[in-house]
A.B. asks: 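Take this structure first; my questions come after.
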There are 4 protein chains.
Amino acid sequence: MGRPPLKKGAIERSALELFVEKGVDGTSIRDIAQRAGVTEGALYRHHRSKDDLVRHLYLQSFTHFGEIMEALASTSTSPSDRIRLMIAQLVELHARDSYVFRYVLVLNHHLLKEVRVGERDFVAALARAIGGPSSDFIAQLVLGIIVQVSVAVESAQLPGKLADYSPRLIAAAMELVGKPL
Amino acid sequence: MGRPPLKKGAIERSALELFVEKGVDGTSIRDIAQRAGVTEGALYRHHRSKDDLVRHLYLQSFTHFGEIMEALASTSTSPSDRIRLMIAQLVELHARDSYVFRYVLVLNHHLLKEVRVGERDFVAALARAIGGPSSDFIAQLVLGIIVQVSVAVESAQLPGKLADYSPRLIAAAMELVGKPL
Amino acid sequence: MGRPPLKKGAIERSALELFVEKGVDGTSIRDIAQRAGVTEGALYRHHRSKDDLVRHLYLQSFTHFGEIMEALASTSTSPSDRIRLMIAQLVELHARDSYVFRYVLVLNHHLLKEVRVGERDFVAALARAIGGPSSDFIAQLVLGIIVQVSVAVESAQLPGKLADYSPRLIAAAMELVGKPL
Amino acid sequence: MGRPPLKKGAIERSALELFVEKGVDGTSIRDIAQRAGVTEGALYRHHRSKDDLVRHLYLQSFTHFGEIMEALASTSTSPSDRIRLMIAQLVELHARDSYVFRYVLVLNHHLLKEVRVGERDFVAALARAIGGPSSDFIAQLVLGIIVQVSVAVESAQLPGKLADYSPRLIAAAMELVGKPL
DNA sequence: AATGAATGAGATTTCATTCAT
DNA sequence: AATGAATGAAATCTCATTCAT
């Protein structure tokens with residue numbers, strides 16, 4: 001009946017990008033509105049506050065990752081293949097949209113605590129696939145190398161792009177998991 | 001000389017802690033002053049601006065890390081031992097002062113780029129010790145697992161404290177370096 | 001004619017209530033729309049602006065009061081009875097709809113000044129019925145005790161409801177008028 | 001040590017006046033700052049929020065009134081004289097500072113509820129002096145005529161100023177109290 | 001007649017910084 | 001060396017109003 005929410009998507013995308021580029025606190029509503037080609041008030045039609053927007057994006061992205069990773073977790077291949085697929089998927093997710101990847105994995109560790117209660121949790125899914133007594137710890141190791149390399153690439157500490165390191169990353173991850181290729 | 005600057009230390013320490021806890025942009029001068037038990041103006045006696053304080057702390061911490069790591073790099077032990085010592089030292093540095101560790105390693109500073117030009121660079125030192133064509137990449141892997149586990153511990157995603165994971169972290173790092181214990 | 005304006009009544013009633021409860025400036029268009037079960041735009045179908053709505057309601061209520069009081073003013077009973085009837089009527093008007101009563105009498109409108117020029121003015125009607133050199137002053141006294149007790153009851157400073165105080169209020173008012181019961 | 005708070009008084013006075021003139025919600029921080037000859041931020045050095053300022057002024061004024069009225073309540077004159085003194089004092093308080101008078105008596109009835117718990121309460125003091133079973137009710141009548149006439153004078157519905165009506169107001173009040181002069 | 005997204009202006013509040021004390 | 005009131009700019013958010021649907 002009223003206008004369709006033409007700008008909602010632009011607002012959320014702009015926010016996501018800016019949060020990753022400059023940090024949540026380093027991004028102003030005006031920054032978001034400008035990039036989205038909208039006035040500042042428009043944001044509040046769709047989200048009650050900046051904080052609300054931050055959470056919404058986080059929850060959405062986190063759940064998105066969770067769904068993808070859980071789908072892989074229940075494939076019928078061998079355990080070892082499953083792990084390799086999931087690790088490759090993480091790199092693939094970065095390739096597809098490095099902003100979402102970084103928003104979920106590099107930023108906002110304090111939201112992580114809230115969100116991991118009940119939401120589809122890709123970290124838990126990975127740990128489950130790895131199995132064994134140290135699975136939580138090892139899952140963190142795997143995430144750690146991917147995240148660190150992604151950050152290093154982004155900040156030009158390492159040359160090229162993340163995909164260039166994909167095979168070596170996967171090999172390293174499999175080693176950490178205890179199943180060398 | 002005149003009176004010693006009684007509050008300078010408190011200001012810098014408070015700033016460091018708050019920058020780690022809430023991020024640089026999430027920390028106000030008032031926050032810092034309050035934690036240091038000082039008023040807002042006092043900060044400007046010692047630093048020209050907030051940005052100046054941020055840089056000063058970063059440079060100081062980064063150089064501190066660099067000196068320690070470079071000292072280890074020139075010990076006379078075997079290459080393999082040297083690497084193990086350096087990795088163990090990173091974990092030890094976290095144990096000694098997790099705030100400095102996180103300020104340097106977790107806050108993904110745009111400052112990192114500036115500072116790595118010319119300052120004593122512990123990342124470069126680690127890479128040199130590792131050697132070989134992929135040394136920069138492998139150094140990032142090693143940093144990645146330590147950083148990630150430190151963050152996971154801090155945010156209670158992993159139980160206990162970082163030191164509890166020290167042997168396993170060192171073992172994993174040596175594996176990444178290609179020199180299993 | 002076209003369809004009847006189903007929501008007009010709800011909008012105006014909601015506005016009236018909210019203006020009394022939170023003040024005109026403390027009430028937003030959104031507040032009104034929400035209580036009326038309508039969206040913000042709907043209001044502008046019936047009134048050109050918020051200010052227009054405020055005036056319309058005020059004028060309507062003020063005139064309504066004026067008509068009732070003037071009708072009483074021209075009854076054929078004795079002067080003393082006439083006054084008593086009018087005072088009783090004010091209390092009765094509060095009982096019938098305390099929102100309208102308070103909108104007209106408690107919100108000390110700058111509008112009052114405008115509206116009293118030319119509209120059916122119940123304050124003037126009351127003063128005329130009282131008569132004598134101080135009639136305007138005495139009319140204010142009478143209004144004052146009714147308004148004050150109504151506010152005190154509404155804010156629970158006095159127990160019960162206004163009607164409980166009706167006989168005593170009328171007696172007090174007659175005393176002020178100089179015609180004790 | 002720091003600057004003395006030169007502007008605090010001006011800010012509070014300006015706020016008080018504007019709140020009375022335009023209502024709390026009708027008064028912006030900018031309005032207050034402008035009248036006080038200060039920038040908007042200055043207000044927040046002395047009060048945490050606009051609401052805080054509103055409350056502070058209310059509490060202060062209310063208590064001020066309470067102290068004065070309670071002092072009169074314990075004078076050694078006859079009960080009848082005491083009441084007359086208190087009524088006269090209310091009119092006098094309006095003469096001395098009609099803004100404070102109106103801020104306490106005409107505005108913000110919702111704060112009244114909070115404040116009357118525990119603070120020096122001039123309404124209660126008046127009721128106590130009046131005595132008898134209906135003392136609370138009668139106190140409201142007395143307040144009602146003073147408030148109403150003060151508002152009528154302010155909005156030019158009655159000519160002159162409140163003081164012009166002082167003898168007649170006191171006489172009317174004594175009548176309501178049941179002790180005609 | 002009604003919707004509700006979007007606007008543009010303005011409201012409240014925060015904050016790095018300055019400066020009189 | 002330190003205080004803390006005050007500034008000025010910017011941040012978050014609200015709101016009356018408009019307009020495509």
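Below, chains carry the letters A, B, ... as their sequence lines are ordered, and counting in each starts from 1.
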A.B. asks: How does each nucleotide of nucleotides 9-14 of chain F score, in 5' to 3' order, for protein heavy atoms under 4.0 Å: base (B), sugar-phosphate only (S), or none (-)?
C.D. replies: --SBBB

A.B. asks: Any salt bridge linking Arg13(C) with Asp97(C)? Criterion: basic side-chain nitrogen under 4.0 Å from a carboxylate oxygen.
C.D. replies: yes

A.B. asks: Whole angstroms only, please: what is the CD-P distance between Glu12(C) and dA1(E)?
C.D. replies: 13 Å

A.B. asks: Identify, with sequence neighbours excluded, every residue that meets side-chain contact (heavy atoms from CB on, under 4.5 Å) alongside Asp51(D).
C.D. replies: Ser49(D), Arg55(D)

A.B. asks: For the residue pair Phe101(C) and Phe65(C), does the interplanar ring angle fall in the parallel (under 30°), tilted (30 to 60°) or perpendicular (over 60°) class?
C.D. replies: tilted

A.B. asks: How close or far is atom P of dC19(E) from atom NZ of Lys7(D), stated in whole angstroms?
C.D. replies: 17 Å

A.B. asks: Taking for each residue the nucleotide of DNA chain F bearing the nearest heavy atom, is the 5' side occupied by Ala42(D) or by Gly37(B)?
C.D. replies: Gly37(B)

A.B. asks: Measure across Tyr103(B) and Val54(B) and return the closest heavy-atom pair with its distance rounded to 0.1 Å.
C.D. replies: OH-O, 3.0 Å

A.B. asks: Nearest whole Å is fine: how far is dG4(F) C1' from Gln34(B) CD?
C.D. replies: 13 Å

A.B. asks: Less than 4.0 angstrom from a charged side-chain N to a carboxylate O is my criterion; do Lys22(B) and Glu17(B) meet it?
C.D. replies: no

A.B. asks: Give the rounded distance in Å between these two atoms: NZ of Lys22(D) and P of dG10(E).
C.D. replies: 13 Å

A.B. asks: Measure the CZ-CZ distance between Phe19(D) and Arg102(D) for me, rounded to the nearest 0.5 Å.
C.D. replies: 14.5 Å

A.B. asks: Between Arg48(D) and Tyr44(D), is NZ or CZ placed under 6.0 angstrom from the six-membered ring centre and within 45° of the ring axis?
C.D. replies: no

A.B. asks: Please say which of Lys8(C), Glu12(C), His56(C) ends up in a side-chain hydrogen bond (donor to acceptor under 3.5 Å, both in side chains) with His47(C).
C.D. replies: Glu12(C)

A.B. asks: In whole angstrom, what separates Leu43(B)'s CG from dA16(E)'s C1'?
C.D. replies: 10 Å

A.B. asks: Please tell me which of Ile11(C) and Ile11(A) maps to the more 5' nucleotide of DNA chain E, matching each residue to the nucleotide holding its nearest heavy atom.
C.D. replies: Ile11(C)

A.B. asks: Just the rounded figure in Å: distance from P of dG4(E) to NZ of Lys8(A).
C.D. replies: 14 Å

A.B. asks: Tell me whether the side-chain N/O atoms of His46(B) come closer than 4.0 Å to OP1 or OP2 in dA2(F).
C.D. replies: yes

A.B. asks: Are Asp25(C) and Lys50(C) close enough for a salt bridge, meaning some N to O gap below 4.0 Å?
C.D. replies: no

A.B. asks: Applying a 3.5 angstrom cut-off to the pairing atoms, does DNA chain E sit in any stems of at least three consecutive Watson-Crick or G-U pairs? List them by first number.
C.D. replies: E:2-21 with F:2-21

A.B. asks: Of Pro4(A) and Arg45(B), whose closest DNA chain E nucleotide lies nearer the 5' terminus?
C.D. replies: Pro4(A)

